[in-house]
There are 2 protein chains.
Amino acid sequence: MALQLERATQQRAAILAAFREHPHPLLPADVHALASVHCPGLGIATVYRTIKVLLAEAVLETVNLPGESARYELKDRPHHHHFQCRACGRVFDVPGCPPSLAAYAPPGFAVDGHELTLYGRCAECLRG
Amino acid sequence: MALQLERATQQRAAILAAFREHPHPLLPADVHALASVHCPGLGIATVYRTIKVLLAEAVLETVNLPGESARYELKDRPHHHHFQCRACGRVFDVPGCPPSLAAYAPPGFAVDGHELTLYGRCAECLRG
DNA sequence: CACTTATTGATAATGCGTTATCGTTCTCAT
DNA sequence: ATGAGAACGATAACGCATTATCAATAAGTG
């Protein structure tokens with residue numbers, strides 16, 4: 001037998017810790033930087049490999065924002081949307097969801113999902 | 001003197017005609033295919049070059065959808081959002097905009113813009 | 001019409017995110 | 001403790017969208 005990631009490695013633990021400690025959508029490069037603190041020498045290839053497996057296991061989900069490469073976050077939170085700071089580029093989760101979004105589609109179209117991204121300045125960048 | 005695109009070429013006319021005849025966000029490859037009908041032999045490099053100039057002239061605007069490369073459309077329509085068909089991949093404009101979107105941001109955050117994308121099946125794909 | 005040069009088309013080159021390769025290391029069952 | 005092979009790190013390779021290069025073409029002027 002032996003599928004993938006059966007073994008509990010330090011790398012996998014560090015990558016999962018990064019997602020748990022930072023409940024924001026993370027770029028693979030973010031994950032690499034954050035997990036490297038717990039696991040020095042971590043390779044970027046391992047980050048990509050592990051993300052792929054965690055997606056297959058439905059532990060992570062992909063967050064695609066307009067004009068950005070894919071981010072990932074833990075798939076343990078209810079439906080929500082995202083806010084991207086124009087200053088620091090970081091992405092934050094925002095709870096809730098506007099009602100009746102499907103009503104905006106043209107007649108005869110079937111809506112089965114949506115993505116909403118808010119833009120502006122995060123509290124930290126407004127202060128600084 | 002002589003800036004750029006001072007000359008009225010057939011290529012530029014065909015590219016603008018493609019946008020006027022297809023009021024949807026178009027990929028550079030879409031523009032190339034559509035404009036080639038009016039202008040056989042049109043090169044993809046010319047499409048990219050012309051799009052860049054039309055963006056600088058504020059004739060076109062960029063439409064970034066999650067997980068997709070940039071599309072472009074004429075900058076002559078009021079604020080609106082987009083619908084992408086999961087079957088054919090085409091993108092349609094949808095008029096209107098949900099109210100009070102900024103209220104969803106975390107306290108202390110300043111919202112100055114947003115992007116909304118609806119997903120589903122377009123009328124044509126539902127029929128076929 | 002002739003000339004100047006902006007513009008073009010073909011294609012090589014680039015940038016960047018992601019994946020494949022491969023020899024080495026580490027996990028875990030025995 | 002030992003052996004099999006899963007997982008790793010470094011890096012080459014890849015895919016794709018976009019841009020640069022350059023000789024040839026064509027728009028606009030005199």
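The model shown is predicted, which means the values in this text are computed figures rather than measured ones.
In this entry the distance linking CG of A:Leu26 with P of C:dT18 reads 13 Å, nearest Å. Between the C1' atom of C:dG17 and the CD1 atom of A:Ile44 lies a distance of 10 Å, rounded to the nearest Å. A straight line from CG of B:Leu16 to P of C:dT7 spans 14 Å, rounded to a whole angstrom. The nearest whole Å value for the distance from the CD atom in B:Gln10 to the P atom in C:dG9 is 10 Å. We find that CD1 of A:Ile51 is positioned 12 Å from P of D:dC8, with the value rounded to whole Å. Between B:Tyr72 atom OH and D:dA17 atom P there is a gap of 12 Å when expressed in whole angstrom units. Rounded to an integer number of Å, the gap from CG of B:Leu42 to P of C:dA10 is 9 Å. In this structure, A:Arg7 places its CZ atom 4 Å from C1' of D:dA6, rounding to the nearest Å.
Contact check for B:Leu54 versus B:Arg12: side-chain heavy atoms found under the 4.5 Å cut-off. Side-chain contact between A:Tyr72 and A:Thr62 is present, with at least one heavy-atom pair separated by less than 4.5 Å.
Between A:Ala45 and B:Ala70, the one whose closest nucleotide on DNA chain D sits nearer the 5' end is A:Ala45.
The side chain of A:Thr9 has D:dC8 as its nearest neighbour among D:dC8, C:dT18, C:dC26. You'll find that the side chain of A:Ser69 is closest to C:dT18, out of D:dC8, D:dT19, C:dT18. Listed nucleotides: C:dT27, D:dT18, D:dG9. Nearest to the side chain of A:Arg49: D:dG9.
Taking side-chain N and O atoms only, A:Thr46 has no distance below 4.0 Å to OP1 or OP2 of D:dA7. Not one side-chain nitrogen or oxygen of B:Tyr48 sits closer than 4.0 Å to the OP1 or OP2 atom of D:dT19. Note on A:Gln11: a side-chain N or O is less than 4.0 Å away from OP1 or OP2 of D:dG9.
Taking CG from B:Leu118 and OH from A:Tyr104, the interatomic distance works out to 10.0 Å, rounded to the nearest 0.5 Å.
Using modelled atom types, one finds a donor on one side chain and an acceptor on the other under 3.5 Å when comparing A:Asp93 with A:His82.
Ring geometry for B:His79 versus B:His114: interplanar angle over 60°, hence perpendicular rather than tilted (30 to 60°).
In terms of polar N and O atoms assigned as donor or acceptor, the side chain of B:Arg12 never comes within less than 3.5 Å of the base of C:dT7 in a complementary pairing.
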